[in-house]
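Working notes for the structure below.
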Amino acid sequence: MGNDDLTGFFEKFLKKDTLFLDKKVLQSAYIPNEIKHRDIQINQVAHILAPALRGDKPSNLFIYGKTGTGKTLSIKHVSEKLLKVAKEKGTPLKIFYLNCKLKKIADTEYRLIAQLARLFGKAIPVTGLPTDEVYSTFFKVLDSEEQTVILVLDEIDQLIKKAGDEAIYNLTRINSELKQSQISIIGISNDLTFANNIDPRVKSSLSEEELVFPPYNALQIQDILKNRAETAFKKDVIEEGVLAKCAAYAAREHGDARRALELLRVSGEIAERTDKTKISIENIDEAEDKIERDRILEVVETQPKQFQATLYAILLADTSAKRTKGQSLIFTGEVYELYKTVCDKTNLRPLTQRRVSDILAEQDMLGIINAKVISKGRFGRTREMSLAVPQSLKPKIRKILEETLDLAIN
DNA sequence: CGAGATTCATGTGAAGTATACCTTTAGGCTTAA
DNA sequence: AAGCCTAAAGGTATACTTCACATGAATCTCGTA
């Protein structure tokens, strides 16, 4: 493309009017003024947290609910209002929000506490410090002034699954030591069954109050969509039935409103890019496809080298496996053999099978493969897995991996 | 023929190791009085 | 003498390895009908 073409393209791009009025309304970080269909929950949260305004310690709260049921949104909404009132009254109240799922941020006890201390403006190194030391630093800042602190730990189930419940237990007990300040914990979990496998002591101290966020039904999602679409899009750019279909898609997946909004936003982007003046129903299908692709590619690209090598081995196994019933089933041993040859080609130091086994388990968690442990009777026991990736995406993944792993393409 | 025993390939837990990084400390050098 | 810098010492978290044991159904074994 010549330079003139490019200039032309940019000019045209600027002239072309967009379908969006305010795209950020559809992004997941956006907090609308009015949250629909969550009045009851928001009220309950408000009631539970209100004592903070009088300088009392609010009860610890545990919130359950599937993804996209408005948990985070509701909490953030209440927090905002609460902080505003507290500020007017001059009550020393702080609310911190921390997502435990983020790798390398809060997925171990050390990292969680370190991150908390950082929120209070303390610099904590990534490693090297005793965990106790970090605790006491955190403790000191916390107690350095009279204040009430509310700590929101999102996706706390992930943390406990990876790092155990020690950290949470310590956090809940820290109150008895605090002289000036007090801390309440709000735990948010997507996994409704996860309470069963944590220490009962932790559970009881964490869930002084419990709240369940039920999924939205299709009508509610549609209502939410309509509401947001009004401010997000220009008038009349949405074709009849589009919102309904978005809602239906999302409701199919346990009423995930976040997904519905994302679908709508991406549909809009697609329509815009293809120079349409309206968002049509077909765009939704394309959007769903694109979202899934982007998610997978994102995961593939950002994984550590060893994970990528493992994934590449799976990919190789997948293409060579005899294709029975459409789904090719792959076993650990097979993957590990291929993995070793991959390492050989890429000058990567091969990890042990023990470690690879863990890596496979993590890939399963990431949803990039489907795996389950089965016993093949006389023929041992293994993890039976298959790539959870659309066929059309495999070549692309392969290419990405070959590039990042610097594999000689044969 | 069927109940147990056996077997295989790998899952999985625990403990140990390597690496990268942190703080503290002691020595050496510089500086200012 | 005091202050400052540097390098070594001592300590930690994390990712990974090593070791050892656990799993669980297909297959085998062998007593019994």
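In what follows, every heavy atom counts, from backbone to side chain, and hydrogens, waters and symmetry copies are set aside. Residue numbers start from 1 in every chain, and the chains themselves are labelled A, B, ... in the order their sequence lines are given, proteins ahead of strands. Here the structure is a predicted model, which is why all the values come from computation and not from measurement.
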Value in whole Å for how far the [atom2] atom of [N] lies from [atom1] of [X]:
X	N	atom1	atom2	result
A:R378	B:dT6	CZ	C1'	8 Å
A:F307	C:dT14	CZ	P	15 Å
A:K372	C:dG24	NZ	C1'	15 Å
A:L129	B:dC21	CG	P	15 Å

Is a salt bridge present between [X] and [Y], judged by a nitrogen-to-oxygen distance below 4.0 Å?
X	Y	result
A:R398	A:E402	yes
A:R259	A:E262	no
A:K376	A:E384	no
A:K245	A:E288	no
A:K84	A:E88	no

### Task
Might you work through the salt bridge (charged side-chain N to carboxylate O under 4.0 Å, His left out) test for A:K161 and A:D157, ending with a clear yes or no?
CA-CA 6 Å; A:K161 213 177 285 168; A:D157 45 334; 5.1 Å; no

### Query
Quick one: is B:dT12 close enough that its OP1 or OP2 comes under 4.0 Å of any side-chain N or O from A:R383?
yes

### Under-4.0 Å side-chain N/O to phosphate OP1/OP2 contact, A:S375 with B:dC8
no

### Message
Given B:dC8, B:dG11, B:dT23, identify the nucleotide with an atom nearest to the side chain of A:T332.
### Response
B:dG11

Atom pairs and distances, donor-acceptor, side-chain atoms in residues 57-67 of chain A, under 3.5 Å, two or more places apart:
from: A:N60; atom 1: OD1; to: A:I185; atom 2: N; distance (Å): 2.9
from: A:N60; atom 1: ND2; to: A:S205; atom 2: O; distance (Å): 2.9
from: A:T67; atom 1: OG1; to: A:H254; atom 2: NE2; distance (Å): 3.2

### Query
Going by heavy atoms in the side chains, are A:F120 and A:K140 under 4.5 Å from each other?
no

### Task
Would you mind classifying the nucleic acid contact of A:P304 as base, sugar-phosphate or nothing, using non-hydrogen atoms under 4.0 angstrom?
nothing

### Message
Once you apply a heavy-atom cut-off of 4.0 Å, does A:T352 come out as touching a base, just sugar-phosphate, or nothing?
### Response
base

### Query
Is the base of C:dT23 touched by the side chain of A:R381 through a donor-acceptor pair closer than 3.5 angstrom?
yes

### Task
Enumerate the residues from residues 110-127 of chain A whose closest heavy atom to DNA chain C is under 4.0 Å, giving them by residue number; use none for an empty result.
A:Y110, A:R111, A:T127

### Task
Could you check which residues of residues 353-364 of chain A get a heavy atom under 4.0 Å from DNA chain C? Sort them by number, please.
A:R354, A:R355

### Query
Looking only at heavy atoms, which two atoms of A:G68 and A:D256 are closest? And how far apart?
CA-OD1, 3.1 Å

